[in-house]
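Naming convention: chains lettered A, B, ... in sequence-line order (proteins, then strands); numbering from 1 in each chain. Predicted model only: the values in this text are computed from it and were never measured.
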Amino acid sequence: MEFNFRAIEERAREIWAKQRVFQAKLDHARPKYYVLDMFPYPSGAGLHVGHPLGYIGSDIIARYKRLKGFNVLHPMGYDSFGLPAEQYAIQTGQHPAITTEKNINTFRGQMDKLGFSFDWDREVRTSDPKFYKWTQWIFIRLFHSWYNVKADRAEAIETLISHFEKNGTEGLTLEDTQQPFSADQWKNYTEKEQSTILLHFRLAYIADSWVNWCPALGTVLANDEVKDGVSERGGYPVERKLMKQWSLRITAYADRLLKGLEEIDWSESIKESQRNWIGKSEGCSVQFKVVKEDNTTHTIEVFTTRPDTIFGVSFITLAPEHELVAQITTADYRNAVSDYVTYATNRSERDRMADVKKITGQFTGAYVIHPFSGKKLPVWIGDYVLAGYGTGAVMAVPGHDARDYAFAQFFEKELTEQLGHHPIVEVISGGDLSKEAYAAKDGICVNSDFLNGLPVKEAIRRAIKEIETKEIGAGKINFRLRDAIFGRQRYWGEPIPIYYDEEGIPRTVDEKDLPVLLPEVDKYLPTEDGEPPLARASNWKYKGKYEYELTTMPGWAGSCWYYLRFEDPKNEHAFASKEAIDYWQQIDFYLGGDEHATGHLLYFRFWTKFLFDLGLIPFEEPAKKLLNQGKIQGVSQKLFVTGISFDYRRDQKKPPLSIPSKFGKFEIPNSEDFLDPKYVNLTRINKILYTPNEEIEQYFDNVEESNSIEQNVPIEFVQDNVVNLSAYLASPIGSDLEYSLFLTDGGYWFRNKFYRQNNGSDQVITKSVPEKMSKSKYNVINPDEVIGEYGADAFRMYEMFLGPIEQHKPWDTKGIDGVYRFLKKMWKLFYDEEGQWLVTNEAPSPEERKVLYRAIKKVAEDVERLSFNTSVSAFMICVNELTQLNCHKKEVLESLLIILSPYAPFVTEYLWEQLGHSSSIVKAVYPEYDASLLVENAFEYPVAINGKTRVKLNFALDLTNEQIEREVISNEALQKYYDGKTPKKVIVVKGRMINIVV
RNA sequence: GCCCUGGUGGUGGAACUGGUAGACACGCAGGACUUAAAAUCCUGUCGCCCGCAACGGCGGUGCGGGUUCGAUUCCCGCCUGGGGCACCA
């Protein structure tokens, strides 16, 4: 038979289905191994070639571990709640559940083609009520829990209530915003008051949070949906607004999330990102008293990591949202301050951040007293200070903090006037303050009273001590991690299992009433008065009378715990049985993209720790080992577009555009004589697109008001960077460009006709740019086509062969022929050209064994260190050598099939059956090898003189270094390199190389 | 601005702990087979120089230094591509 991958794949699939080889069952006799991929969001575009990269990697691991005797759990599911389905529903009115179902079917079909060894009996979908029942159940547990700081774990809220009843807040760690009370006070509070207090402790709670509110869309927007203060879609104004939002108290776990990183085998870069995100900083709080003419007293509390620079403080900056702003602003500044606050609060955080160079601020008219020097310091507001971090106030030390430095320089004049001296003061020696702030934590204190002469570290300790003695602050640890907002004004998500009683107290739905099903609505939009879509549900009341919470959970809710559900996916009495959890435990190997570094990967660690605290699972970290696979990028084909023609239509007085180029002068049409009026009506030109040509580009960049942007041409209309213009213009996407000009070196195209200008080319050339593969960039490559042409085995091997799995790389099919040829070559070890079976039962020669053993060893080592690309090379070398040796021996080929089967499961399964096995190759055992056969007894040493390799000499490996040294020194061939001198030293590294120093 | 990554032939990449730089492929060139094409097989392929040839010389892993008998690998300082971000006091 000839190599026919279609028939092969079909047969292999039959075997797998019949023998149910991928089904995972509890088996205490075998060690377990849990391999998991981050499950996909089933988008409408289907799988592209970038998706499978990680899935192939995890599949190789799963199949390899099975061969090594592990009981492997390798499930797959869908993160099926999410925004795109909802957007689509809003546009078309179709229920998101329907589109989601459709998309899942597409995904499933594509994944099956690739031969993944998933146990599909365990599939989960986060949008399935049977699944989200338990997401809601865990939410309820979060609501009924608080974080006991002393015990350093979450506990049932009842333990807190009984503490309140006995001791009030005595002995508890309170946040700044919480007022202490006694046991008696607690007992006298109304139920409503008690419930409000408890919300300050619950791990799921409702509180005011700053959000980007878009009144026109009636919804809250994410940072990246806001551009320049308006919504990205529609361009409606967006304002910062305090809104009641459900949140999760992840900050309670900040320290444990940080410490837990030490015990997990994740890449350093991911751990580093999480550390930065959690952002533990040690410092202290300091209070500054506000001076005011009237008798009001206000204190501004700041948090600083650099109390050693306290004598360098020259002003205080408050966040625009800071609650004291209104109270301390003096009459003279009231208008200016309120204008500034309006301006600043309406910029999104993303805008504030993107725009670091733009310095803005406003003086409040108020002053504070420096607690040590007694000097008056002005109080400013500035949007470089964020309300949500620390206390929302900074003691500005321009000499030793870069942002304060920039601010002080910008407002130098006013600050100098207010202070009576220049705002930049040196208090740590070591830098040059005329150029930049000296922010290093290194140096000696100067101009600092009692800190003078102390090095930074000691000064920090001393300053905190003094601050505590004066009772104006205390040493404090701060985290930048913020609580996670958990409510969304959306439809397509898990309903939050909360209702409000007659008094408006939030209560959890009884567990027996779970799941709270997502109700039907007439439209998926917010209501006219800005309520979330769930408000549209008619007669949707708990127990027929109570109002439900109307927001839904965010897209990432289900992913916080889904890995546990895979262990026991059909359980109706618990999220998973104790037996299943005790056996499968946490994930041994987790694969996914590094874009989840600080979102999903942090939240799912948080939920795991919480479930551990409740005693529901016996481990604290969800995934022992993590691999971030890189993304396969698409290659976009870009033309540049300028809107200049629009200016021309409005302003005919501009001079003709002409670009000097190496092809002569290049004229851009703006007059009737350039454009043949018979064909071209100037006012109909809608776009000018041009080839990436430095001269043209530069020209447009220099033209005022012109904006040069990139336009992606769908890859199917481009070959070797040349656009097939007529096909492009005839397509639906290109039809918009009918009245566009396409500039080339030699002239321009208009309505598919070329008008020559110069001697250059008439080809429209694109620039190839690798970027994210996405439907909207017209650069998507669907795996189906590639699989259709080369088969799934070749596809799998090629994706692995492309390079290290964790690296990002552009997709390019150029090399796929290599692995395809390899598969055919391997096939030829089994069948000759005429399709005759070649395999014999002869015993292999030592040489043939050696070739095989080398491959067995190399491939196993490579899988263990996740170097899949190099094991593909090892297979190629092995097959090349066996071909050379003309080896068709069953013993060798059988082992070869086993080690190759994780990579190319179809063809190996097929040939395995042909070898006479009735049980699937998946059930085979990874072959052993005889290490003694691989031991060489001699080695050809490269001999270097002064580090430069000159000759190669063969020595037995059992010679001592001294023996080799003697041989080398007396060697004739080397004499000419000594240049008359005698060798000083000979370095012999056994089995590696020899170096002679002359 | 900050954080994380990467930079090796025409291309993807290899070199795992400081020890022969360029494995394995793609592409290209030449050849064999064929009426021809496809497929397959063989040879060559980092650059420059000398030469009949060499198992000859020189240079070479983004750039400049350093450590070392020896550096793609370690250290310092730059340049540059990609990705991310919540200006984190």
Trainee: Nearest to the A:Lys825 side chain among B:rA86, B:rC87, B:rC41, which nucleotide is it?
Mentor: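 Among B:rA86, B:rC87, B:rC41, the one nearest the side chain of A:Lys825 is B:rC41.
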Trainee: Provide, to the nearest angstrom, the distance between the CZ atom belonging to A:Phe3 and the C1' atom belonging to B:rA39.
Mentor: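 Atom-to-atom, A:Phe3 to B:rA39, this comes out as 14 Å.
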Trainee: Would the number of heavy atoms belonging to other residues, nucleotides or ligands and lying under 6.0 Å from NZ of A:Lys857 be above 12?
Mentor: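 Open.
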Trainee: Using a heavy-atom cut-off of under 4.0 Å over every strand shown, decide if A:Ile877 touches base, sugar-phosphate, or nothing.
Mentor: sugar-phosphate
Trainee: Output a table of nitrogen or oxygen pairs between the protein and nucleotides 32-38 of chain B separated by less than 3.5 Å.
Mentor:
none

Trainee: What is the distance from CG of A:Asn995 to C1' of B:rG18, rounded to the nearest Å?
Mentor: 12 Å
Trainee: Between atom CG in A:Asp832 and atom P in B:rC41, what is the gap in whole Å?
Mentor: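 Rounding to the nearest Å, CG of A:Asp832 and P of B:rC41 are 15 Å apart.
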Trainee: Has the side chain of A:Asn478 got a donor or acceptor atom that lies under 3.5 Å from a matching backbone atom of A:Ser281?
Mentor: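 Not confirmed, A:Asn478 side chain does not pair with A:Ser281 backbone.
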Trainee: Given atom CZ of A:Phe479 and atom C1' of B:rA89, what is their separation to the nearest angstrom?
Mentor: 16 Å
Trainee: Counting only Watson-Crick or G-U wobble pairs whose two distances fall under 3.5 Å, which nucleotide matches B:rC33?
Mentor: none
Trainee: Please determine, for B:rU67, whether a Watson-Crick or G-U wobble partner exists with both distances under 3.5 Å, and give it or none.
Mentor: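 Paired with no nucleotide.
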Trainee: I'd like the P distance from B:rU73 over to B:rC88, given in whole Å.
Mentor: 33 Å
Trainee: Taking only N and O in the side chain of A:Arg821, is any of them less than 4.0 Å away from OP1 or OP2 of B:rG27?
Mentor: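 So the side chain of A:Arg821 is within the cut-off, an N or O lying under 4.0 Å from OP1 or OP2 of B:rG27.
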Trainee: When we call it a touch if two heavy atoms are under 4.0 Å apart, what does A:Asn880 touch: a base, just sugar-phosphate, or nothing?
Mentor: sugar-phosphate
Trainee: Check every atom of B:rC85, B:rC87, B:rG19 against the side chain of A:Val989 and return the nucleotide holding the closest atom.
Mentor: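 When the side chain of A:Val989 is considered, B:rG19 is the closest of B:rC85, B:rC87, B:rG19.
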Trainee: Provide the distance between the two P atoms, one in B:rG62 and one in B:rG6, to the nearest whole Å.
Mentor: 13 Å
Trainee: Could you measure between the two P atoms, the one in B:rG30 and the one in B:rC63, and give it in whole Å?
Mentor: 33 Å
Trainee: Kindly write out the residues that satisfy side chain to side chain contact (heavy atoms under 4.5 Å, CB included) with A:Lys814, not counting sequence neighbours, or none if the list is empty.
Mentor: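 Expected list: A:Asp812.
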Trainee: Looking for any heavy atom pair under 4.0 Å, which part of the strands does A:Lys824 touch: base, sugar-phosphate only, or nothing?
Mentor: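 Touches sugar-phosphate only.
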Trainee: Within the 4.0 Å heavy-atom criterion, would you say A:Thr317 contacts the bases, only the backbone, or no part of the nucleic acid?
Mentor: nothing
Trainee: Among A:Leu591, A:Ile264, A:Leu866, exactly one meets side chain to side chain contact (heavy atoms under 4.5 Å, CB included) together with A:Lys625. Which residue is that?
Mentor: A:Leu866
Trainee: Taking pairing as Watson-Crick or G-U wobble with both contacts under 3.5 Å, can you name the mate of B:rA21, or confirm there isn't one?
Mentor: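 Result: none.
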Trainee: Pick out which of A:Leu481, A:Leu258, A:Leu601 makes a side chain to side chain contact (heavy atoms under 4.5 Å, CB included) with A:Trp277.
Mentor: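 The side chain to side chain contact (heavy atoms under 4.5 Å, CB included) with A:Trp277 is passed solely by A:Leu481 among A:Leu481, A:Leu258, A:Leu601.
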Trainee: CE of A:Met876 versus C1' of B:rC24: gap in Å, rounded?
Mentor: 7 Å
Trainee: With rounding to whole Å, what would you report as the distance between B:rC24 and B:rC42 at their P atoms?
Mentor: 13 Å
Trainee: Looking at every strand, decide which applies to A:Lys280 at a 4.0 Å heavy-atom threshold: base, sugar-phosphate, or nothing.
Mentor: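 No contact.
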Trainee: Rounding to an integer number of angstrom, what distance separates B:rU11 and B:rC48 when you compare their C1' atoms?
Mentor: 22 Å
Trainee: Each nucleotide in nucleotides 4-15 of chain B should get exactly one letter: B, S or -. Can you fill that in based on protein heavy atoms under 4.0 Å?
Mentor: SS-----SBSSS
Trainee: Using the ring of each side chain (for Trp, its six-membered ring), is A:Phe606 parallel, tilted or perpendicular to A:Tyr253, with breaks at 30° and 60°?
Mentor: tilted
Trainee: For A:Met993, which contact category applies under a 4.0 Å heavy-atom criterion: base, sugar-phosphate, or nothing?
Mentor: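 A:Met993: base contact, heavy atoms under 4.0 Å.
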Trainee: Under 4.0 Å between a side-chain N/O of A:Arg482 and OP1 or OP2 of B:rC88, yes or no?
Mentor: no
Trainee: Can you measure A:Leu602 atom CG to B:rC3 atom P for me and round it to whole angstrom units?
Mentor: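 In whole Å, B:rC3 P and A:Leu602 CG are 20 Å from each other.
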Trainee: Report the distance from atom CD of A:Glu806 to atom P of B:rG83, rounded to the nearest whole Å.
Mentor: 18 Å
Trainee: Between B:rC87 and B:rG7, how many Å separate the two C1' atoms, rounded to a whole number?
Mentor: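 30 Å, rounded to whole Å.
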Trainee: For B:rC3 and B:rG9, measure between their C1' atoms and round to the nearest Å.
Mentor: 33 Å
Trainee: I'd like the C1' distance from B:rC46 over to B:rA15, given in whole Å.
Mentor: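 Their C1' atoms lie roughly 16 Å apart.
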Trainee: What orientation do A:Phe407 and A:Tyr384 show, parallel under 30°, tilted 30 to 60°, or perpendicular over 60°?
Mentor: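 Taking A:Tyr384 first and then A:Phe407, their aromatic rings sit tilted (interplane angle of 30° to 60°).
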